[in-house]
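Both counts, for ligands and for their atoms, begin at 1 and track the order of listing.
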Amino acid sequence: MNNFGKLLQMSIYGESHGNCVGCVIDGCPAGIELTIEELLKDIAKRKSGTKGTTPRKEDDLPSIASGYFNNKTTGAPINIQFQNKNTISSDYSEFINHPRPGHSDFVAWKKYKGFADFRGGGHFSGRLTLPIVASGVIAKKILNGISFSTKILSLGGNSNIEEQLNKSIEKKDSVGGIIECSVNNLPIGLGEPFFDSVESLISHGIFSIPGIKAIEFGNGFACANLTGSENNDVIINKKGETKTNNCGGVNGGISNGNPLVFRVAVKPTSSISLPQNTYNFQEEKITELIIKGRHDVAFILRAPVVIEAITAFILADLYLQNKTKE
Ligand SMILES: Cc1cc2nc3c(=O)[nH]c(=O)nc-3n(C[C@H](O)[C@H](O)[C@H](O)COP(=O)(O)O)c2cc1C
């Protein structure tokens, strides 16, 4: 199942080397203005082609098949589709018998009893984050006036992104890193005290993005080493603004009007060009695997806009839920 959200729902479909990838967004209010240029602006931020990203180039042109008329949403389900054009599937056939370590080949083979489309990682591919980015554009429009800022803080522990990228490329190895996302002008009151807390839902969404392995809100793990007097965010005015923002803009699961701030850890790309010894199910022993195909050295470079999109989607859903209670 690939469905997410309560009042605003998204499902995504497709495979990396199938005909297309896409999303269906249900529950979007009618009358929201949307242009193809707005979609393309965020889509461009996820595109490959720059240093450290996959040489696979796709035009990533969105085709809106439903729920959109005269440049506005109609209130009906919105189906946005992207064709896959630049695929080279022969590179992937050996991963059935000799699964890539760190990737989904082994679990996909077991769970779907050999029927899953393995080409390019199939339905597990980072390509499925393209329709997520498109959904995020619509969510941002629902959240009119709320701004997002997302940046890579470090790559392989190095805050000099360019330097680290060059080192990793030279070593023919991959690299991960840390992304920080902050959301400004969020209203007070989004989220619920327990299971649908802002942190719970954002974490759910963030871990739906392939390759994300950790998240922390505000000062995160560092709070464990502070005293209450050091960690407490003192309220300084009627609006509820706080002197510090150690809690990352959430108290009791509910947005407190200060910036929502969180960081995520993105793993190094598992498909690397260095030889790896791993279990070969055909030969029933460990043999050397050389991964062919086109891969991102650091897929984190393409991930900030994806993080932003899923965050916007969750917040837009919470925003619509809150409106029904007003
Ligand atoms: C935008 C994006 C691009 C990605 N590109 C690649 C890639 O080129 N090669 C690869 O092995 N993994 C890539 N990944 C990560 C895999 O999709 C992911 O590691 C895999 O599906 C297994 O999921 P897991 O890492 O969450 O266990 C990418 C992820 C994202 C978000």
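Figure legend: cation-pi geometry between R100 and F95, with NZ or CZ positioned under 6.0 Å from the six-membered ring centre and within 45° of its axis.
Inter-residue side-chain proximity for P304 and I152 is flagged as met; some heavy-atom pair is nearer than 4.5 Å.
Remark: N144 CG is loosely packed, at most 12 non-hydrogen atoms of other residues, nucleotides or ligands lying under 6.0 Å away.
Checking L130, T269, V107 against atom 10 (C) of ligand 1, the nearest heavy atom belongs to T269. Checking G120, S125, S271, A108 against atom 11 (O) of ligand 1, the nearest heavy atom belongs to S271.
Heavy-atom contacts of S270 reach the following atoms of ligand 1: 11 (O) (cutoff under 4.0 Å). Per-residue contacts place H103 under 4.0 angstrom from the following atoms of ligand 1 (heavy atoms of the residue considered): 10 (C), 11 (O), 12 (N), 16 (C), 20 (C), 21 (O). Near G211, with a cut-off below 4.0 Å to any heavy atom, the atoms of ligand 1 are 24 (P), 25 (O), 26 (O). Residue contact check: K267 has heavy atoms under 4.0 Å from atoms 19 (O), 24 (P), 25 (O), 27 (O) of ligand 1.
Residue A303 places every heavy atom at 4.0 Å or more from ligand 1. Heavy atoms of T129 approach ligand 1 to within less than 4.0 angstrom.
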Open item on the list: Walk me through whether M10 and I132 qualify under side chain to side chain contact (heavy atoms under 4.5 Å, CB included).
Closed with: CA-CA 8 Å; M10 163 188 353; I132 291 178; 4.1 Å; yes
Task: side chain to side chain donor-acceptor pair (under 3.5 Å) between D105 and H98, worked out - done: CA-CA 9 Å; D105 306 328; H98 205 183; over 6 Å; no
Open item on the list: Show, in sequence, the C-alpha distance, side-chain angles and deciding distance for E162 and K51, and conclude whether the salt bridge (charged side-chain N to carboxylate O under 4.0 Å, His left out) test is met.
Closed with: CA-CA 9 Å; E162 181 75 17; K51 195 199 300 179; 2.5 Å; yes
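In terms of N/O distances under 3.5 Å, ligand 1 is not approached by R46. Considering both main-chain and side-chain atoms, I209 never comes within under 3.5 Å of ligand 1 through any nitrogen or oxygen pair.
From the protein, the heavy atom lying nearest to atom 9 (N) of ligand 1 is H295 ND1, 3.0 Å. Here the protein heavy atom with the shortest distance to atom 5 (N) of ligand 1 is D296 OD2, 2.9 Å. Here the protein heavy atom with the shortest distance to atom 18 (C) of ligand 1 is P210 CB, 3.7 Å. From the protein, the heavy atom lying nearest to atom 21 (O) of ligand 1 is F124 O, 3.0 Å. Annotation: atom 15 (C) of ligand 1 to nearest protein heavy atom, F299 CE2, 3.7 Å.
Counting only distance, with no hydrogens or angles, the side chain of N86 and the backbone of E58 share no donor-acceptor pair below 3.5 Å. E283 contributes no side-chain N or O that, together with a main-chain N or O of N280, makes up a donor-acceptor pair within less than 3.5 Å.
Salt bridge status for D296 with R302: present, with a side-chain N to carboxylate O gap under 4.0 Å. Using a 4.0 Å cut-off between a side-chain N of Lys or Arg and a carboxylate O of Asp or Glu, K141 and E38 qualify as a salt bridge.
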